Student: 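Below is one structure. I have some questions about it.
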Protein chains: 2
Amino acid sequence: MTPQTTEAVDDYLKAILELGGPAEEAVSSNALASHLGVRAASVTGMLQKLALREPSFVVYQKHYGVRLSDAGKRRALEVIRHHRLLERFLHDFLDYSWDEVHEEAERLEHYISERLEDRIAAKLGDPASDPHGHPIPEKDGAIAPRNEVQLIHWPCSVPAGISSVSDRDPVELREMKRLGLLPGTKVVVEPGSRTGSILVRIGSGQPTRLTLPLASGVLVSGVTE
Amino acid sequence: MTPQTTEAVDDYLKAILELGGPAEEAVSSNALASHLGVRAASVTGMLQKLALREPSFVVYQKHYGVRLSDAGKRRALEVIRHHRLLERFLHDFLDYSWDEVHEEAERLEHYISERLEDRIAAKLGDPASDPHGHPIPEKDGAIAPRNEVQLIHWPCSVPAGISSVSDRDPVELREMKRLGLLPGTKVVVEPGSRTGSILVRIGSGQPTRLTLPLASGVLVSGVTE
DNA sequence: GTCATGATTTAGCTATGCCTAAATTAGCAC
DNA sequence: GTGCTAATTTAGGCATAGCTAAATCATGAC
């Protein structure tokens, strides 16, 4: 049987979901193009096909933007569930380190069957989040909303908990691990900001100076003490 | 990075390796076409590309046939190693049954990284065979030669051991499991052949009548008693 | 040796998913 | 409203991997 979706289609759907944000706003072709690393012309072509598909994956309006249809959103969330389950599985069962899981999961997420998805989830005991702290959508696509803020936007002296970290760059991830910037860790931003860095107390250690690129990859939320 | 091989290329290489047999004879386009379920014309086109690649995967002579080059053989064995390691992993760690592993492994074999291959092998303790009894090639491609014969060609009354079973048909596999036709089991062909079936004592049970399609999927070798 | 038959290859087409370059459209300033 | 600029779309091309139909080749029968 021909697969329902291709790798390219999955990647478009994920990108539209991410770029649309929690409000699921319409996403422009240019935004998709730069996020996916392809030309805007390629995006237009793909969106036209996705809109004409049966069932349609997107609602596309020329010169305006694109939104996911119900079917599109369902598939996007399924692929994200695959990705995050795989990351946790590779990390917990196959000795993958924090910075190695993303690349492998990014490839395999398109190819695992529903059966394998279920077996991995069962083996892991239906985990709620991946190793970077990102929530794993339920099988029906449900995903608990979160109040996350970039650490660099968190007010001084107010304690916060790391809820997740960006998994895009393995080098950054290794550095975060070294510094103890793990999901669940308590952090306090100390007075002492400069251009290019902030001062942060991580867990119970001494305040540490974090460069902005690094700190911008750390998402936090309030802690109820 | 663009992958070194595509799924189609992998499938051609595996097919050439299998159809060439232990002597690695040249394989005809027609044989490949019927094995792969595509038209002979498609095979010719693909072989021409595979021969021109750098490094070349095949040695191709028009109107004669095709053989694997060293690079082609290496890749074919790597994919087979992936397939069989995956089968054992799915079976032993993720509660897949005997007849479910093939389909999943057939898809994933093309997409797992060398790192995942290594981690799975380590987790399993470098197993020698998959759940159907097929030998898993070593990382360098080495694969112990076997003296297997189809059960239907084994002489009467001479004890034999099942070395492997065909994994193509899940229905057949379930039937084999029900009958106890598992790799390692001792079998003896009893006098009582008819057209369409043979009589076989499986393990220490009573003689059982096996249909030829089923029995032809059972490979045996001599047992040293 | 010729010829027929079956195997094989060529030629030309389809679809996906990307590209570039050129044309077009939308939205904003004024 | 006009016009500028940036976003968007169209047009035409490339590679992969399949297809059909037509041409060609090779081998065995005679």
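From a predicted model like this one, the values you see are computed outputs, not experimental measurements. Order of the sequence lines sets the chain letters (A, B, ...), proteins ahead of strands, with each chain counted from 1.
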Student: Which part of the nucleic acid does B/A40 contact within heavy-atom distance under 4.0 Å: base, sugar-phosphate only, or nothing?
Tutor: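 The answer is base, as B/A40 lies within the cut-off (heavy atoms under 4.0 Å) of a base atom.
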Student: Assuming nearest nucleotide by heavy-atom distance, tell me which of B/Y64 and A/E7 is located more 5' along DNA chain C.
Tutor: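 First, find each residue's nearest nucleotide; the 5'-ward one identifies B/Y64.
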Student: For C/dC18, does either OP1 or OP2 sit under 4.0 Å from a side-chain N or O belonging to A/K49?
Tutor: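 Answer is no, no contact under 4.0 Å.
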Student: Have a look at B/E109 and tell me which of B/H83, B/R84, B/H82 forms a side chain to side chain donor-acceptor pair (under 3.5 Å) with it.
Tutor: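 Exactly one candidate clears the test, B/H83.
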Student: Can you tell me the distance, in whole Å, between the CG atom of B/L32 and the P atom of C/dT9?
Tutor: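 Answer to the nearest Å: 11 Å.
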Student: Rounding to a whole Å, what distance do you find between B/L47:CG and D/dG18:P?
Tutor: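 Taking CG of B/L47 and P of D/dG18, I get 11 Å after rounding.
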Student: Please check the phosphate of C/dC19 (OP1 and OP2 only) for any side-chain N or O of A/S42 closer than 4.0 Å.
Tutor: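 Yes, such a contact exists.
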Student: Mark yes when over 12 heavy atoms from residues, nucleotides or ligands other than A/R107 sit less than 6.0 Å from its CZ; otherwise mark no.
Tutor: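 Atom CZ in A/R107 is packed in, count exceeds 12.
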Student: Take atom CD of A/Q48 and atom P of C/dA15, then tell me their distance rounded to the nearest Å.
Tutor: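 Computing the A/Q48:CD to C/dA15:P distance gives 16 Å.
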Student: So which nucleotide from D/dC19, C/dT25, C/dT10 ends up closest to the side chain of B/T44?
Tutor: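 Nearest to the side chain of B/T44 among the choices is C/dT10.
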Student: Rounded to the Å, how far apart are A/F57 CZ and C/dT16 P?
Tutor: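 About 14 Å, once rounded to whole Å.
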Student: Can you tell me how far OH of B/Y12 sits from NZ of B/K49, rounded to the nearest 0.5 angstrom?
Tutor: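 The distance works out to 9.5 Å.
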Student: Heavy atoms only, 4.0 Å cut-off, all strands: where does A/S29 land among base, sugar-phosphate and nothing?
Tutor: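 Contact class for A/S29: sugar-phosphate only.
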Student: Over how many whole Å does the gap from B/Q61 atom CD to C/dT9 atom P extend?
Tutor: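 Value for this atom pair: 11 Å.
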Student: When you measure from the side chain of A/M46, which nucleotide among C/dA7, C/dC18, C/dT10 comes out closest?
Tutor: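 Minimum distance to the A/M46 side chain belongs to C/dC18.
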Student: Give a yes or no on whether a salt bridge exists between B/R119 and A/E104, defined as a side-chain N under 4.0 angstrom from a carboxylate O.
Tutor: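 Salt bridge flag = no for A/E104 with B/R119.
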Student: Which nucleotide in the list C/dC18, C/dA21, D/dT20 gets nearest to the side chain of B/A41?
Tutor: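 Output: D/dT20.
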Student: Whether B/N30 contacts C/dT8 is assessed here as follows: a side-chain N or O lying under 4.0 Å from the phosphate OP1 or OP2. Is that the case?
Tutor: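 True: B/N30 side-chain N/O within range (under 4.0 Å) of C/dT8 OP1/OP2.
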Student: Please give, in whole Å, the distance from C/dA7 P to B/H63 NE2?
Tutor: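 Distance, rounded to whole Å: 12 Å.
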Student: Reckon B/T6 has a side-chain N or O less than 4.0 Å from the OP1 or OP2 of D/dA17?
Tutor: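 The answer is yes; a side-chain N or O of B/T6 sits under 4.0 Å from OP1 or OP2.
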Student: Considering only side-chain heavy atoms of B/R39, which listed nucleotide, D/dC19, D/dT10, C/dT16, is closest?
Tutor: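 Closest nucleotide among those given: D/dC19.
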Student: By the definition side-chain contact (heavy atoms from CB on, under 4.5 Å), identify the one residue from A/V165, A/I162, A/D99 that meets it with A/M176.
Tutor: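 Going through A/V165, A/I162, A/D99 one by one, the side-chain contact (heavy atoms from CB on, under 4.5 Å) with A/M176 is satisfied by A/V165 alone.
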Student: Please report the interatomic distance CG(A/L19) to OG(A/S34), rounded to the nearest 0.5 Å.
Tutor: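 So the gap between those two atoms works out to 7.5 Å.
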Student: Return the value, rounded to whole Å, for the distance between atom NZ of A/K62 and atom C1' of C/dA23.
Tutor: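 Rounded to the whole Å, the gap is 13 Å.
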Student: From C-beta outward on B/Y12, which listed nucleotide comes closest to its side chain: D/dG18, C/dC18, C/dT9?
Tutor: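 In terms of side-chain proximity for B/Y12, the closest of D/dG18, C/dC18, C/dT9 is D/dG18.
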Student: Between C/dG17 atom C1' and A/L52 atom CG, what is the distance in whole Å?
Tutor: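 For the pair A/L52 CG and C/dG17 C1', the rounded distance is 16 Å.
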Student: Is A/Y60 close enough to D/dT8 that one of its side-chain N or O atoms is under 4.0 Å from OP1 or OP2 there?
Tutor: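 Negative; the distance criterion is not met.
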